[in-house]
There are 2 protein chains.
Amino acid sequence: MLELKSLPDGCAARRRTEACDRCGARAYSVCASLDERELARLDALAERLPLSSGDVLLREGDLARHVFNVTSGSVRVYKLLPDGRRQITGFLYAGDFLGLATGERYAFSAEAMEPGSACRFRKSEYRALIQDTPALEAMLLERANHELAAAQAQMLLLGRKTALERVASFLRDLTTADRMRPSQEGIVRLPMTRGEIADYLGLTIETVSRVMTRLKTENIIRLLSPNELTIERPGRLSALADGEA
Amino acid sequence: MLELKSLPDGCAARRRTEACDRCGARAYSVCASLDERELARLDALAERLPLSSGDVLLREGDLARHVFNVTSGSVRVYKLLPDGRRQITGFLYAGDFLGLATGERYAFSAEAMEPGSACRFRKSEYRALIQDTPALEAMLLERANHELAAAQAQMLLLGRKTALERVASFLRDLTTADRMRPSQEGIVRLPMTRGEIADYLGLTIETVSRVMTRLKTENIIRLLSPNELTIERPGRLSALADGEA
DNA sequence: CCAAGTGTTTGATCGAGATCAAGGCGGCCT
DNA sequence: AGGCCGCCTTGATCTCGATCAAACACTTGG
């Protein structure tokens, strides 16, 4: 669905949201590594995109012409099998960079999960900026390394953890993932549906729902609504996540 | 086992194998990006390590003091759960770089799977070299991106593929993984055991064995020995790997 | 040559999570 | 207000791959 709801091209979208120097995501993104002059150059290259829920940022197989920076909201990144099976490889939030792991064509798709915004850059221009900005390149390398470590942790989860351990891991890690959006102290926001959680954890919707119910029953979490919860026993949750029970 | 069989430290190991300029893995590794002067500097920093089967390169949780370059043989990289469940996150061959995805401490362990060799560098010295060598940094970033793409493909495999699809994917990808070691044209070498394949694919030894038998029965592969095989019907194998059958 | 050890294959059974099937709960549109 | 639709929960059953259990194939060493 929303297959053709693509993004506006060119200058039309620029200046739609605030400039780099007042960007709320700046402190959390690779842009934090830039000095004032460099930031001005980045600012000139940036194309600001407002995002609606379901908007397609990029599609697996398309020519990789752009890279992105999520500035608010949340994004799902996924790969598909020919018959439609989906694996979500990551959720992105404000400050996250998108487009690192790409050759000539995108190896994954990315869509907004809720209203938000992103910056888009022509890959060629961005590459030139990287060339001239060692601090930016170092930052990107560091980010790539973090992502790689996270990917390895996810492989452990997908290959060897039980359903209970997967959901516990997911809920534990959520608390640190969504920067600048704690809506309210201690409350964890779930911008994604059960189906998206399932496709991220290699489970089905039903299994995710059953495990959540169980965690609720055991008073480890409290479900305020399907999309908001609090963690009542963080230690217990973390132990479950690591398979220590 | 072999827990304490650690590697010799310092200069003792240097010059044990050939220098950078005659290194067989050079063309396949990040070193290929260096000019003669830079290569000389790298050469001076390198500590050559001969590897025996089972040798520990680094262990999850240890202080990340070194980075490595595999120059021959093969290496398994894995993460463990407290109860011993193991997920192998990758196999490395000649030319592969190891140590990218690390913060202060290693987030995974790495062990040789067969006799071989590696170069070891002090992380601090290597970082300094990177600082002065943009081409190297660019190469590392590119490598990290490739690894990230590979990790996403592996997540799709672990989260959503059937046992048959996993083994087919593994065998298909093997053909391009082990550079400079085709032993004989058309013959695929399996330097790892069934147990290691299982821990890489999120399966058990028995399931891997049964699927291999099935692929053999259907004349898609031919098992010359448990550790050598030929692919008789590459098209069919690839279709199975992508879940198109 | 046999014994012991390691790794692989094959067979029988079991079980965690998938699939199939209803209901329940909002939110949104007319 | 009412009705539809998307999402979530819960229950019943099924199935793929795990587990349990042997036997088999090599290699190494006495």
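Below, read A as the first sequence line, B as the second, and so on, with proteins coming before strands; counting in each chain starts at 1. Everything numeric in this text was worked out from a predicted model, so none of it was measured.
The separation between B:L190 atom CG and C:dG7 atom C1' is 13 Å, rounded to whole Å. Remark: P of D:dC7 and CZ of A:R194 are 12 Å apart, rounded to the nearest angstrom. For the pair B:L229 CG and C:dT9 P, the computed distance is 11 Å after rounding to whole Å. Rounded to whole angstrom, the span from the CD1 atom of B:I197 across to the C1' atom of D:dG17 amounts to 17 Å. Across the protein-nucleic acid pair, A:L164 atom CG and C:dA18 atom P stand 13 Å apart, rounded to whole Å. Remark: P of D:dC24 and CD1 of B:I205 are 19 Å apart, rounded to the nearest angstrom. When rounded to the nearest whole Å, the span between NZ of A:K216 and C1' of D:dT9 equals 8 Å. What separates CG of A:L157 from P of C:dG17 is a distance of 12 Å, to the nearest Å.
Listed pair B:T204 / D:dT19 fails the phosphate criterion, with no side-chain N or O lying under 4.0 Å from OP1 or OP2. Residue B:T213 has a polar side-chain atom (N or O) positioned under 4.0 Å from OP1 or OP2 of C:dT10. Phosphate contact (OP1/OP2 of D:dA18, side-chain N/O of B:T207, threshold under 4.0 Å): present.
Checking C:dT10, C:dG17, D:dA18 against every side-chain atom of A:A163, the shortest atom distance belongs to C:dG17.
Between A:F170 and A:Y200, the distance from one ring center to the other falls under 6.0 angstrom.
Nearest-nucleotide positions on DNA chain D for A:R210 and A:R160 put A:R210 closer to the 5' end.
For D:dC20, its base sits under 3.5 Å from the side chain of B:E206 at one donor and acceptor pair at least.
A:T217 places a side-chain N or O within 3.5 Å of a backbone atom of A:T213 that can act as its donor or acceptor partner. Here the side chain of B:K79 pairs a donor or acceptor atom with the backbone of B:A107 at under 3.5 angstrom. Without hydrogens or angle criteria, A:D96 side chain to A:Y93 main chain gives a donor-acceptor distance under 3.5 Å.
Backbone-only contact: A:T193 has heavy atoms under 4.0 Å from sugar-phosphate atoms and none from a base.
Smallest separation of non-hydrogen atoms from A:R86 and A:E196: NH2-CG, 3.6 Å.
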